[in-house]
Amino acid sequence: MPLTADRNTPSMDGELIAVPVATATTIFAGAIVVANANGYAAPGSTATTLQYLGRAEETVVNAGANGAKTILVRRKQAFKWGNYASDAIVQADLGKTAYIFDDAQVAKTSGGSTRSIAGKIIQLDSDGVWIE
């Protein structure tokens, strides 16, 4: 319904969020965290149904049902991930899209449409790739 008066709309910065974790899932601190097809947190992996969320701020083991545990995920920052050697990102890829390979590495391509998007490549170092 449209407003007919002022509203004190709640807000949050969205940088650190609590996300319900998928069933039978372990996510390690520092890992790439994704939302799976059902919207639950999972570690990054090669799959096309994942949405990149950010970096795990803690280790969580969820042996219960979907959402029985939550994980803190840091967002809205660039993170340095490993550069998957078999599909390596190079300097010419600056500004292009990187793809999730696993919970610690990104790749140059979608792997024949088998990988989900991680984000934009903003810097390449000898020991990793900065993704925003």
Side-chain angles (χ1 to χ4, degrees):
M1 165 179 287
L3 293 178
T4 58
D6 293 344
R7 177 177 188 251
N8 183 11
T9 303
S11 67
M12 61 186 249
D13 68 17
E15 186 175 319
L16 190 61
I17 60 172
V19 182
V21 178
T23 188
T25 298
T26 298
I27 303 172
F28 294 101
I32 292 173
V33 180
V34 298
N36 66 18
N38 296 315
Y40 292 98
S45 64
T46 297
T48 58
T49 58
L50 307 176
Q51 180 63 50
Y52 178 89
L53 295 178
R55 180 189 71 197
E57 291 297 289
E58 59 188 336
T59 297
V60 172
V61 177
N62 183 16
N66 281 328
K69 299 246 179 136
T70 60
I71 188 165
L72 291 176
V73 178
R74 183 152 319 268
R75 307 175 53 235
K76 299 184 178 185
Q77 292 184 8
F79 299 106
K80 187 194 287 190
W81 303 116
N83 193 354
Y84 178 54
S86 295
D87 190 8
I89 293 165
V90 297
Q91 189 62 41
D93 298 318
L94 189 67
K96 295 181 181 175
T97 300
Y99 296 85
I100 301 166
F101 178 72
D102 60 24
D103 66 350
Q105 298 178 95
V106 292
K108 177 178 183 160
T109 70
S110 68
S113 298
T114 62
R115 300 179 187 134
S116 296
I117 293 173
K120 294 292 178 198
I121 301 160
I122 64 165
Q123 186 171 317
L124 182 67
D125 291 348
S126 61
D127 61 345
V129 181
W130 290 91
I131 304 298
E132 180 178 62

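Fair warning: this is a prediction, and the values are worked out from it, not measured in the lab.
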Quick check on side-chain contact (heavy atoms from CB on, under 4.5 Å): which of V21, T25, N62 does I71 satisfy it with?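 Checked V21, T25, N62 against I71; only one passes side-chain contact (heavy atoms from CB on, under 4.5 Å): V21.
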
Atom [atom1] in [X], atom [atom2] in [Y]: separation rounded to 0.5 Å?
{"X": "I100", "Y": "Y84", "atom1": "CD1", "atom2": "OH", "result": "14.5 Å"}
{"X": "I131", "Y": "I122", "atom1": "CD1", "atom2": "CD1", "result": "8.0 Å"}
{"X": "N38", "Y": "T23", "atom1": "CG", "atom2": "OG1", "result": "11.0 Å"}
{"X": "R115", "Y": "D102", "atom1": "CZ", "atom2": "CG", "result": "9.5 Å"}
{"X": "L16", "Y": "R55", "atom1": "CG", "atom2": "CZ", "result": "9.5 Å"}
{"X": "R7", "Y": "T9", "atom1": "CZ", "atom2": "OG1", "result": "4.0 Å"}

Output yes when a side-chain donor or acceptor of [X] lies under 3.5 Å from a complementary backbone atom of [Y], and no otherwise.
{"X": "D93", "Y": "K96", "value": "no"}
{"X": "N83", "Y": "A88", "value": "no"}
{"X": "D87", "Y": "T109", "value": "yes"}
{"X": "T59", "Y": "A29", "value": "yes"}

Spell out, yes or no, whether L72 and Y40 are grouped together once hydrophobic residues are joined by side-chain heavy atoms under 4.5 Å, including indirect joins.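 The answer is no; the residues belong to distinct hydrophobic clusters.
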
Atom CD of residue position E132 - does it have more than 12 heavy atoms of other residues, nucleotides or ligands inside 6.0 Å?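 Incorrect, the count does not exceed 12.
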
Under a 4.0 Å N-O cut-off, is there an ion pair linking K80 with D127?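 Judged by the 4.0 Å cut-off on N to carboxylate O distance, K80 and D127 do form a salt bridge.
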
Before you tell me yes or no, could you show the steps for V19 and V33 under side-chain contact (heavy atoms from CB on, under 4.5 Å), namely the whole-Å CA-CA distance, both residues' side-chain angles and the distance that decides it to 0.1 Å? CA-CA 10 Å; V19 182; V33 180; 5.8 Å; no

Which heavy atom of [X] sits nearest a heavy atom of [Y], and at what distance?
{"X": "T70", "Y": "V60", "value": "O-CG2, 3.5 Å"}
{"X": "P20", "Y": "G67", "value": "CB-CA, 3.7 Å"}
{"X": "S110", "Y": "S113", "value": "OG-N, 3.0 Å"}

Chi angles and distances behind the side-chain contact (heavy atoms from CB on, under 4.5 Å) call for W130, I121: CA-CA 6 Å; W130 290 91; I121 301 160; over 6 Å; no

Contacts table for residues 43-54: side-chain donor-acceptor under 3.5 angstrom, sequence neighbours left out:
unit_1 : atom_1 : unit_2 : atom_2 : d
T46    : OG1    : F101   : O      : 2.8
Y52    : OH     : W81    : NE1    : 3.3

Step by step, would you call L124 with I89 a side-chain contact (heavy atoms from CB on, under 4.5 Å)? CA-CA 8 Å; L124 182 67; I89 293 165; 4.3 Å; yes

Under a 4.5 Å cut-off applied to non-hydrogen side-chain atoms, are Y99 and I117 in contact?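 Contact flag for Y99/I117 side chains = yes.
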
V90 and K108, any side-chain heavy atoms less than 4.5 Å apart: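 Contact flag for K108/V90 side chains = yes.
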
Name the one of K76, R75, R74 that satisfies salt bridge (charged side-chain N to carboxylate O under 4.0 Å, His left out) with E15?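 Only match with E15 under salt bridge (charged side-chain N to carboxylate O under 4.0 Å, His left out): R74.
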
Report the C-alpha separation of I17 and M12 in whole Å, then their side-chain angles, then the decisive distance to 0.1 Å, and conclude whether the side-chain contact (heavy atoms from CB on, under 4.5 Å) test is met. CA-CA 9 Å; I17 60 172; M12 61 186 249; 3.7 Å; yes

